[in-house]
Amino acid sequence: MGERGRLAGRAGIVTGASRGIGLGIARRLLDEGARLVVTATTQEAADRAAAALDAGDRVVALASDAARRADVAAAVQACRTAFGRLDLAVANAGIERPARLIDVTDADWDAVMDVDLRGPFLLTQECARVMGDGGRIVLVASTNAFAPEGGSFAYNVAKAGVVGLARAAAIELAPSGITVNAVGPGLVATDMTASVVSEASTSAWYLDRIPAGRFGRPGDVAGAVAFLVSDDAGWITGHHLVVDGGQTVGLDLPEPASEEQSVSIGGRS
Ligand SMILES: NC(=O)c1ccc[n+]([C@@H]2O[C@H](COP(=O)([O-])OP(=O)(O)OC[C@H]3O[C@@H](n4cnc5c(N)ncnc54)[C@H](OP(=O)(O)O)[C@@H]3O)[C@@H](O)[C@H]2O)c1
């Protein structure tokens, strides 16, 4: 598709695009014709992503701490300087510091809130101040926002905040023609989830609960983001689009093993 795609002529930012879901989002938006500033915590990581994306001068790589206002403002400025415009922004950068409520330290709570909640706030605010009619902001939340997982306390709370942020911002920015939506990935195989996916017992436990029968791929999330930043989603705002292979839809019952068992499951036969 490239320069003739759905996002031809658009320019924007994807934070945390050096690996995993962010890299997948950047690849998809470039494929659809966008020009992008891609960020990571170091210039080296951002440069590596730009090299992997192989889109020439349609990509600018920038070290930008998602939790620092000056860095976020610099990313917004870099997009406007390089491409003369800012049409879309994807707040994808995120971290996880597993701990239960009882154990979570102040340092881990602060680190997660800084990157996972303050980060999307800063990007949304900095973009909203300069974006015009047709602006598109997408925040990467999580199914943890409404289906929290024990042992990820701060992360669960931050992601619930991200959905709240998308909804509150959507109300205020709709009159300016800017949409703000969230995407909610389920379990996507990336560095963040490597310990779960690569360990046989946790991997099997999760796969049992994903009706689609596989873990997510970065491209699954990227497709949803590409839709939300496109003209096709112009009248959608404040939405949390869940991308989880059905994991949080509900429960499927196992096939009854015998006639007797089928009677005992909820009295149904
Ligand atoms: N994987 C899943 O199952 C899953 C599910 C739901 C939601 N999510 C969300 O999806 C997003 C991406 O997750 P992922 O699985 O792709 O994670 P990942 O593989 O660990 O990648 C995280 C990305 O965020 C960047 N990053 C971290 N801290 C940053 C900071 N302070 N400033 C700028 N960039 C920063 C990293 O850059 P460096 O390379 O420089 O460290 C990297 O590009 C996160 O918001 C995550 O919470 C993931």
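Note that the numbering runs from 1 along the sequence shown for the chain. A quick note: this is a predicted structure, and the numbers were derived from the prediction, not measured. One-based numbering, in listed order, for ligands and for the atoms of each.
- Taking atom 46 (C) of ligand 1 as the reference point, the nearest protein heavy-atom neighbour is Tyr155 OH, 3.5 Å.
- Proximity of Pro218 to ligand 1, defined as any heavy-atom pair under 4.0 Å, is not found for any part of the residue.
- Relative to atom 9 (C) of ligand 1, the option among Val140, Val90, Val38 with the closest non-hydrogen atom is Val140.
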Please assess Asp231 against Arg10 for the test salt bridge (charged side-chain N to carboxylate O under 4.0 Å, His left out), listing each intermediate value before the final yes or no. CA-CA 11 Å; Asp231 286 342; Arg10 311 281 165 86; 3.0 Å; yes

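- In terms of protein heavy-atom proximity, atom 22 (C) of ligand 1 is nearest to Gly94 O, 3.8 Å.
- Of all the heavy atoms of Glu96, none lies under 4.0 Å from any atom of ligand 1, so neither backbone nor side chain is involved.
- Results of the side-chain contact (heavy atoms from CB on, under 4.5 Å) test with Val38 over Val60, Leu53, Leu62, Asp47 single out Leu53 as the only residue that passes.
- Looking only at distances, a side-chain donor or acceptor of Thr15 sits under 3.5 Å from a matching main-chain atom of Ala93.
- Nearest protein neighbour of atom 34 (N) of ligand 1, counting heavy atoms only, is Ala93 CB, 3.4 Å.
- Counting only heavy atoms of the protein, atom 14 (P) of ligand 1 lies nearest to Thr190 OG1, 3.6 Å.
- Between Asp65 and Arg68 there is no salt bridge, since no side-chain nitrogen of the basic residue lies less than 4.0 Å from a carboxylate oxygen of the acidic one.
- By heavy-atom distance, the residue among Ile25, Asn92, Leu62 lying nearest atom 44 (C) of ligand 1 is Asn92.
- The proximity of Ile95 to ligand 1, defined as any non-hydrogen pair under 4.0 Å, is limited to the side chain.
- Judged by distance alone, with hydrogens and angles left aside, the side-chain atoms of Asp71 form no donor-acceptor pair with the main-chain N or O of Ala66 at under 3.5 Å.
- Contact annotation: for Ala189 versus ligand 1, there are no heavy atoms closer than 4.0 Å.
- Counting heavy atoms under 4.0 Å from ligand 1, residue Ile21 touches it through both backbone and side chain.
- When every heavy atom of Thr143 is checked against every heavy atom of Gly184, the shortest pair comes out as CG2-O, 3.7 Å.
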